[in-house]
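The structure appears right after this line, and notes come after that.
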Amino acid sequence: MIVQTLEGRRAFIRDNTRLLPTPHAPELLLHLADEVTPLWRLTEEALEEIGLPPPFWAFAWAGGQALARYVLDHPEIVRGKHVIDFATGSGIVAVAAMKAGAASVLAADIDVFCEAAVAMNAAANGVEIGFTDQNLLDAPPPAADVLLAGDICYEGPMAKAVMAWLAEGRAAGAAVLVGDPGRTYFPKEGLVKLAEYQVPTTRELEDLAVKRTSVWTLP
């Protein structure tokens with residue numbers, strides 16, 4: 001099965017996920033997979049490429065759940081504003097921002113499946129979300145009022161690049177919020193903690209079934 005078209009990828013997602021409430025933000029519905037490894041293998045087979053990153057778009061990762069919860073509980077952060085959700089994955093944070101009243105949200109991710117996942121999850125929640133597959137790190141952050149990013153500190157070089165990019169956006173006037181469950185490469189200083197949650201996840205994704213996860217801002 002080769003998923004060369006957007007519709008093909010939508011069909012792949014429909015066949016391999018279920019529409020479910022998000023554990024830490026149950027008012028949001030997402031197309032979620034039950035298991036990581038089988039879907040990972042199917043994705044590699046479908047794209048005829050081995051060694052791909054995990055299918056982030058099919059799971060509710062802890063950082064994204066925490067950030068979505070925070071945005072839903074503090075809608076004034078995004079209400080009436082133009083928002084960018086960096087490394088959007090499933091689009092959970094982007095959906096939360098639109099549900100909280102954002103004027104617009106641009107979801108960004110270089111994974112080819114994310115465009116389909118975001119569109120399907122947006123439709124399931126009755127919102128519209130823009131999407132780009134461009135690597136936004138190749139240029140200064142586009143004009144936006146708010147930059148959101150969840151689960152971005154898996155790898156050292158990537159974490160450093162993303163945090164520098166977010167700092168550039170903050171310097172240009174955007175508010176910056178980051179959701180992270182204490183990844184190894186999350187910076188230890190330079191941010192202010194806004195909230196901390198106990199986020200349900202799965203041992204397939206994390207080392208614990210419930211992850212202590214925080215939302216941070218760049219001052």
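Computation of the quantities below employed the complete heavy-atom set of this structure, encompassing side-chain atoms and omitting hydrogens, waters and symmetry-equivalent molecules. Counting from 1, the numbers follow the sequence of the chain as shown. From a predicted model like this one, the values you see are computed outputs, not experimental measurements.
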Any sub-3.5 Å donor-acceptor pair from [X]'s side-chain atoms to [Y]'s backbone N or O?
X: D151; Y: G64; result: yes
X: D111; Y: G89; result: no
X: R10; Y: M120; result: no
X: N125; Y: L29; result: yes
X: R183; Y: C153; result: no
X: Q65; Y: P200; result: yes
X: T217; Y: V176; result: yes
X: W61; Y: G150; result: no

Do [X] and [Y] share a hydrophobic cluster (ILVMFWY, side-chain heavy atoms under 4.5 Å, transitive)?
X: V146; Y: I152; result: no
X: W216; Y: L67; result: no
X: M163; Y: L148; result: no
X: L30; Y: F131; result: yes
X: V178; Y: I92; result: no

side-chain contact (heavy atoms from CB on, under 4.5 Å) between D109 and W57: does it pass, once the steps are laid out?
CA-CA 10 Å; D109 206 297; W57 49 268; over 6 Å; no
Sequence neighbours excluded and cut-off under 3.5 Å, please list the side-chain donor-acceptor pairs for residues 72-81, or say none.
residue : atom : partner : partner atom : Å
D73     : OD1  : R69     : NE           : 3.3
D73     : OD1  : R69     : NH2          : 3.0
D73     : OD2  : R69     : NE           : 3.2
H74     : ND1  : Y70     : O            : 3.0
K81     : NZ   : I77     : O            : 3.4

Are any non-hydrogen side-chain atoms of [X] and [Y] less than 4.5 angstrom apart?
X: F12; Y: L42; result: yes
X: P142; Y: I84; result: yes
X: M98; Y: E128; result: no
X: I129; Y: V95; result: yes
X: P181; Y: V199; result: no
X: R212; Y: Q198; result: yes
X: L147; Y: R170; result: no
X: Y185; Y: V162; result: no

Please round to the nearest 0.5 Å and tell me the distance separating atom [atom1] of [X] and atom [atom2] of [Y].
X: L32; Y: F59; atom1: CG; atom2: CZ; value: 8.0 Å
X: L20; Y: H31; atom1: CG; atom2: NE2; value: 9.0 Å
X: L218; Y: L166; atom1: CG; atom2: CG; value: 6.5 Å
X: F86; Y: L106; atom1: CZ; atom2: CG; value: 11.5 Å
X: I13; Y: T43; atom1: CD1; atom2: OG1; value: 9.0 Å

More than 12 foreign heavy atoms under 6.0 Å from [atom1] of [X]: is that the case here?
X: R14; atom1: CZ; result: yes
X: E196; atom1: CD; result: yes
X: E27; atom1: CD; result: yes
X: I110; atom1: CD1; result: no

Locate the shortest heavy-atom distance separating [X] from [Y]; write the atom from each residue and the value.
X: A97; Y: V105; value: CB-CG2, 3.8 Å
X: L28; Y: A68; value: CD1-CB, 4.2 Å
X: A102; Y: V83; value: CB-CG2, 4.0 Å
X: A108; Y: L136; value: CB-CD1, 3.6 Å
X: D85; Y: A94; value: OD2-N, 3.3 Å

For Y197, which residues count as a ring pair (Phe, Tyr, Trp, His ring centres under 6.0 Å) partner, sequence neighbours excluded?
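Partners of Y197 under the ring pair (Phe, Tyr, Trp, His ring centres under 6.0 Å) test: H24.
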Going by the side-chain contact (heavy atoms from CB on, under 4.5 Å) test, name the single residue among L137, D138, T132 that passes it with Q134.
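Per the side-chain contact (heavy atoms from CB on, under 4.5 Å) rule, the option paired with Q134 is T132, out of L137, D138, T132.
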If the condition is side chain to side chain contact (heavy atoms under 4.5 Å, CB included), which residues does P219 pass it with, not counting sequence neighbours?
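With neighbours one apart ignored, the set is V192.
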